[in-house]
Structure formats: C-alpha cells, structure tokens
K.L.:
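Dropping a structure here in structure tokens format, bear with me for questions.
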Amino acid sequence: MSFLPSLPKKTNLSDVIKTFPQAWEPMMDFHDVVLRGDSPLSIAQRELIAAYVSGLNNCHFCLNAHTVYAEDFGIGEDVIGPLLSNPDSAPVDEAMRPILAYVRKLTLEPGNITEADVQAILDAGWSDQAVADANKSAALFNFMNRVILGMGVDDFDDFYGRRLAAVRKKPMEERVAANETALNTQHYRNYGKQLGIIKD
C-alpha cells in the first residue's frame with residue numbers, strides 16, 4: 001500500500017519512477033551494466049543474487065520479479081526458496097556457494113565482511129571481476145529493496161505468480177541460451193523509455 005498521497009493506493013515501482021523521475025535514467029543504465037553486461041557471472045547467476053538479496057530483505061516485489069528473471073535464464077524452480085530457508089543445503093552450484101555467502105553477509109551484516117569472505121570466492125575459481133560484479137549486484141538490490149519498501153510498493157504476488165508459471169513452461173534449453181542472446185541488451189533502458197522517463 002502506498003505511503004504517499006501522490007501515488008496510487010496499490011503502487012507499482014513504475015508509479016514511483018514516473019512520479020519521481022529524477023536520477024532514474026542513469027539508474028536504468030546501471031541496471032543494464034550490472035545485470036546484462038559482460039561478466040564472469042551469467043545473467044542467471046546475477047538474477048539469482050538479485051532475488052536472494054531481495055528475499056533476505058523481505059522485499060517481496062523484487063523477490064517476485066527477480067525470481068521470474070532468474071528462472072527465465074535457467075535457475076531451477078527449486079533453488080530460491082530453499083536458498084532462503086536453508087542456504088547450506090540449497091541445490092546450488094558449489095562454485096556459487098561462497099558468492100551467495102558473501103552477498104548474504106554483505107546484506108545482513110555488511111560491517112563484518114572480511115578478506116576471508118572474498119578469498120573463499122577466489123579459492124572457488126572466480127576472478128577479481130566476479131567478486132566486483134557480485135558486489136555490484138548485491139549493492140544494487142539492497143538499494144532497490146529500500147526504494148520499494150520505503151515507498152510502499154505492492155508485492156504484486158498474483159501478477160508475478162502468473163509470469164512465473166509461464167516461464168516454467170519454457171524449455172530449459174531456451175532459457176539457458178538466453179544468457180548469451182540477452183547479453184549487453186538494454187532491457188532496463190528500454191523499460192525507462194516505455195515509462196516515458198527516457199526520451200532517446
């Protein structure tokens with residue numbers, strides 16, 4: 001439910017962006033670089049981080065939206081729920097475990113991050129760039145979660161439930177292939193154009 005009289009009673013993120021458009025254009029570009037740009041992390045892995053961080057923050061709008069995206073790029077339907085309830089036993093790729101542990105700690109107790117948390121990622125075979133990209137993904141969604149929770153954006157459970165059901169009907173091969181075809185696209189900038197806050 002909206003917290004401001006200038007927003008609809010059932011507020012969507014799009015309502016927040018259109019009502020208060022300042023600074024959203026560079027933020028859309030930042031989304032595209034972080035989530036769709038070149039990276040050692042696949043789009044699916046970055047969307048998994050987005051959904052996981054959002055779940056840790058109890059931001060159900062972003063959890064719903066980025067669960068759809070994560071599964072649309074090949075994350076299994078039995079991953080995100082178990083990851084939030086019991087990360088040690090969740091069915092995730094072993095190489096992702098130290099990254100997910102890092103973004104969890106960065107979200108819940110950022111002042112306690114140590115060199116050992118980063119070293120665990122490097123020891124799993126990831127590069128310095130992968131650490132930086134995981135860091136940006138987690139930071140972006142800690143920011144977005146606070147925008148959404150602070151402005152009273154609705155969870156839109158029914159809408160995202162329908163979208164998730166449609167994604168789960170798509171062949172997994174098609175979803176995985178999208179990690180390459182969607183790379184370096186302007187998904188979020190185009191969203192800004194649809195909302196009318198980006199003109200070019």
Side-chain angles (χ1 to χ4, degrees), residues 12-14 16 27-28 30-37 39-110 121 126 130-151 153-170 172 174-176 178-179 182-183 185 187-188 191:
N12 201 332
L13 176 59
S14 59
V16 175
M27 183 55 65
M28 295 298 180
F30 188 66
H31 274 74
D32 281 330
V33 171
V34 171
L35 296 175
R36 298 291 183 272
S39 174
L41 298 169
S42 69
I43 294 175
Q45 289 166 331
R46 285 173 277 172
E47 290 290 355
L48 175 61
I49 291 170
Y52 186 39
V53 167
S54 300
L56 293 171
N57 282 324
N58 292 313
C59 180
H60 296 287
F61 176 89
C62 283
L63 173 61
N64 287 338
H66 291 277
T67 294
V68 171
Y69 284 135
E71 292 197 20
D72 203 22
F73 286 99
I75 297 296
E77 63 183 82
D78 59 343
V79 172
I80 294 171
L83 185 60
L84 288 165
S85 60
N86 193 345
D88 292 335
S89 63
V92 296
D93 183 77
E94 286 302 313
M96 279 297 291
R97 289 195 186 279
I99 288 179
L100 294 168
Y102 169 77
V103 300
R104 178 185 180 89
K105 193 171 183 181
L106 191 61
T107 298
L108 300 179
E109 41 181 331
I121 299 173
W126 294 101
V131 175
D133 292 351
N135 179 276
K136 287 190 190 81
S137 298
L140 173 59
F141 280 89
N142 274 292
F143 171 82
M144 289 302 301
N145 296 163
R146 282 151 181 78
V147 169
I148 283 150
L149 293 170
M151 299 296 276
V153 170
D154 189 84
D155 296 344
F156 287 89
D157 291 328
D158 291 345
F159 172 77
Y160 284 114
R162 292 191 297 272
R163 286 194 61 186
L164 190 58
V167 163
R168 288 176 174 174
K169 293 177 181 176
K170 293 168 66 173
M172 184 57 77
E174 178 183 332
R175 296 190 238 172
V176 171
N179 283 274
L183 202 61
T185 55
H187 174 82
Y188 289 93
Y191 176 59

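What you see below is based on every heavy atom in this structure, not just the backbone, and it leaves out hydrogens, waters and symmetry mates.
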K.L.:
Atom CZ in R97, atom CG in D88: separation rounded to 0.5 Å?
P.N.:
7.5 Å
K.L.:
Between H66 and I80, is there a side-chain heavy-atom distance shorter than 4.5 Å?
P.N.:
no
K.L.:
Which distance, rounded to the nearest 0.5 Å, do you find between the CD of E71 and the CG of L164?
P.N.:
4.5 Å
K.L.:
Rounded at 0.5 Å granularity, tell me how far NE2 in H187 sits from CD1 in I43.
P.N.:
10.0 Å
K.L.:
For the backbone of F73 and the side chain of N179, can you confirm whether one donor and one acceptor N or O come within less than 3.5 Å of each other?
P.N.:
yes
K.L.:
Can you name the closest pair of heavy atoms from Y52 and P87 and give their distance?
P.N.:
OH-CB, 3.8 Å
K.L.:
What about the rings of Y188 and F30, do their centers lie closer together than 6.0 Å?
P.N.:
no
K.L.:
Specify whether F159 and F156 have parallel, tilted or perpendicular ring planes, treating 30° as the upper limit for parallel and 60° as the lower limit for perpendicular.
P.N.:
perpendicular
K.L.:
Is the closest side-chain heavy-atom distance between P40 and D133 below 4.5 Å?
P.N.:
yes
K.L.:
Not counting sequence neighbours, which residues clear side-chain contact (heavy atoms from CB on, under 4.5 Å) with T107? List them please.
P.N.:
V53, L56, N57, N142
K.L.:
Under 3.5 Å, side chain of D155 to main-chain N/O of D157, donor-acceptor pair present?
P.N.:
no
K.L.:
If you compare all heavy atoms of V153 against all heavy atoms of L13, which two are closest, and at what distance to 0.1 Å?
P.N.:
CG1-N, 3.7 Å
K.L.:
Is D72 salt-bridged to K170, cutoff N-O under 4.0 Å?
P.N.:
yes
K.L.:
Between H31 and F141, what is the ring plane arrangement, given parallel below 30°, perpendicular above 60°, and tilted in between?
P.N.:
perpendicular
